[in-house]
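Here is the structure we will look at.
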Amino acid sequence: MIGKELIVKGWVRGFRNDRFIQLNDGSTIKTIQAVVEAENFDEAILKKITTGAAVGLKGILVESQGAGQAVEIQVSEIEIIGEANPDDIQKTVMQPKKHSLDYLREQAHLRFRTNVFGAVFRIRHNVAFAIHKFFNDKGFFYLNTPIITGSDAEGAGEMFRVTNLDPLNPPLNEDGTVNYKEDFFGKAVNLTVSGQLEAELAALALGQVYTFGPTFRAENSNTSRHLAEFWMIEPEVAFNDLKDNMDLTEEFLKYLSKYILDNCADDLQFLHERDAAEQTQKPQNERNELGLIQRLEFVVNNDFKRLTYTEAIEVLLNSNHYKKKKFKYDVAWGIDLQSEHERYLVEKEFNCPVILTDYPAEIKAFYMRQNDDGKTVAAMDVLFPGIGEIVGGSQREERMDILKEKCAAFNIDEEELWWYMDTRKFGSVPHAGFGLGFERMVMFVTGMTNIRDVIPFPRTPQNAEF
RNA sequence: UCCUUCUUAGCUCAGCUGGUUAGAGCAUCUGACUGUUAAUCAGAGGGUCCCUGGUUCGAGUCCAGGAGAGGGAGCCA
């Protein structure tokens, strides 16, 4: 390539000394240095080479005389493709200085142009691609489950109603409620909160399937780990039990971490250094001992700690933390574990990813398979340091009689789920699956600590800008 | 939904028990320099102190209400 003439097009990141242009085209975090001899160009053209401007440069690729880069372009022609007024640029996140993530969030349309978000969204793409590759290589089929769904019995959270009735003058029943029989689908429908039940139907024929699509929860959750619109991956495998399910989850999460280590080195290195700088800003006791790259390597190289809910309760009860009454919420068999309990197990007790299994039936969903003890179900949660629950899954109840009992116990109308129940009538088999929050995985591999910074256009309560 | 913190220049922030003309760094502009790497040096411009009302001789500072944002909790992925 040295000595070749080429044309590069991109956006100016910096123009030092009226001589050195740093140009970035988004394909990588790296910039290329282009050198202009001021005397060869019209001053009016040079004035337009400003931070944020789009330019096309023609020139010879030469070995760089400077120390910061191996090669550079000796520019012979300059085309200004899109100007950027410095006074206006200064009011945006493109202003060449460090910005807070809060401020960048307010300009989500421009934050793509920063190094941090360029790196995050290139990595987000690579995680998505790795997910498809992992499942495809294993013989899974990618299944598209409906985004508009008529079932509201899934119990995974508050749903968004989808309707095209006139909100000011809807058709009413005699009792004053809205008559959805006159709505587009002839019934009340919502945006999906999970594709799992539909994925089960397909798994009981195609064997191994996975979904990867948008998911909507109308929960009024205001945290750095929740979105109203997020993407979820839900594999479902016929003939798998809970152990198989755990093995698949662990292999999957290790694969994704390894894929990013192997394929996103430059972006990962940048985010690693950013993460390290962030850590130094924190008080000593809140710092992460491992750097971002080490955290990924740790997941790849270490077995996840597996223990049952009952064992976890024992660990918590025997901990000094508990004996010194440092937990805000009490610990007893039967409680739903609080964030502080999960964090203690993951970050203090075991210091590695943890898979908790066999939870009390009462605190888990109706479709999870009842264990022989009659008290617990074959559920599993994967807990990651700093992120919390990243995966939730279970072996599903394949026995019709027990499933009917569970529907009754959970107050679920089995008539409405007739299609789900039907699969237990014909050739029902053990099967299992899980849900991975895509954005939470992207948080883990990028080191970002707010979920709004790993999705291009976050949807949260009271906010749907852009 | 609850608890809590914050809102001062384009950005990040300082501004003491209320007291003259509200500051710094970076960014921007102008000039110098011309093989720089977060360039450097000199200078300049830039403010509805989030909004509304109140207390006071006097409010960026105190009080009340509102708006927006962050952190934590619950719920979950």
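In what follows, chains carry the letters A, B, and so on, assigned in the order in which the sequence lines appear, proteins first and then strands, with residues in each chain numbered from 1.
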Are the charged groups of A/D241 and A/R369 less than 4.0 angstrom apart, N to O?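 No, this pair does not count.
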Euclidean distance, atom NZ of residue A/K97 to atom P of B/rC13 [Å, nearest integer]: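 Computing the A/K97:NZ to B/rC13:P distance gives 9 Å.
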Distance, rounded to the nearest Å, where A/F15 contributes CZ and B/rA39 contributes P: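 Atom CZ in A/F15 sits about 13 Å away from atom P in B/rA39.
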For [N], the Watson-Crick or wobble counterpart (both distances under 3.5 Å):
{"N": "B/rA24", "value": "B/rU12"}
{"N": "B/rA69", "value": "B/rU5"}
{"N": "B/rG47", "value": "none"}
{"N": "B/rC57", "value": "B/rG19"}

Name the residue from A/Y142, A/F141, A/Y255, A/F252 that meets the ring pair (Phe, Tyr, Trp, His ring centres under 6.0 Å) definition with A/F135.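 Only match with A/F135 under ring pair (Phe, Tyr, Trp, His ring centres under 6.0 Å): A/F252.
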Is A/F20 stacked on the base of B/rG35 when the test is centres under 5.5 angstrom and planes under 30 degrees?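 Ring-base stacking flag not set for A/F20 and B/rG35.
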Return no unless some side-chain N or O of A/R452 is found under 4.0 Å from OP1 or OP2 of B/rG71.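 For B/rG71, OP1 or OP2 has a side-chain N or O of A/R452 closer than 4.0 Å.
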Residues A/S100 and A/D102: side-chain donor-acceptor under 3.5 angstrom: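 A/D102 and A/S100 do not have a side-chain donor-acceptor pair below 3.5 Å.
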Suppose we call two aromatic rings close when their centres sit under 6.0 Å apart. Are A/F457 and A/F112 close by that rule?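 Centroid separation for A/F457 and A/F112: below 6.0 Å.
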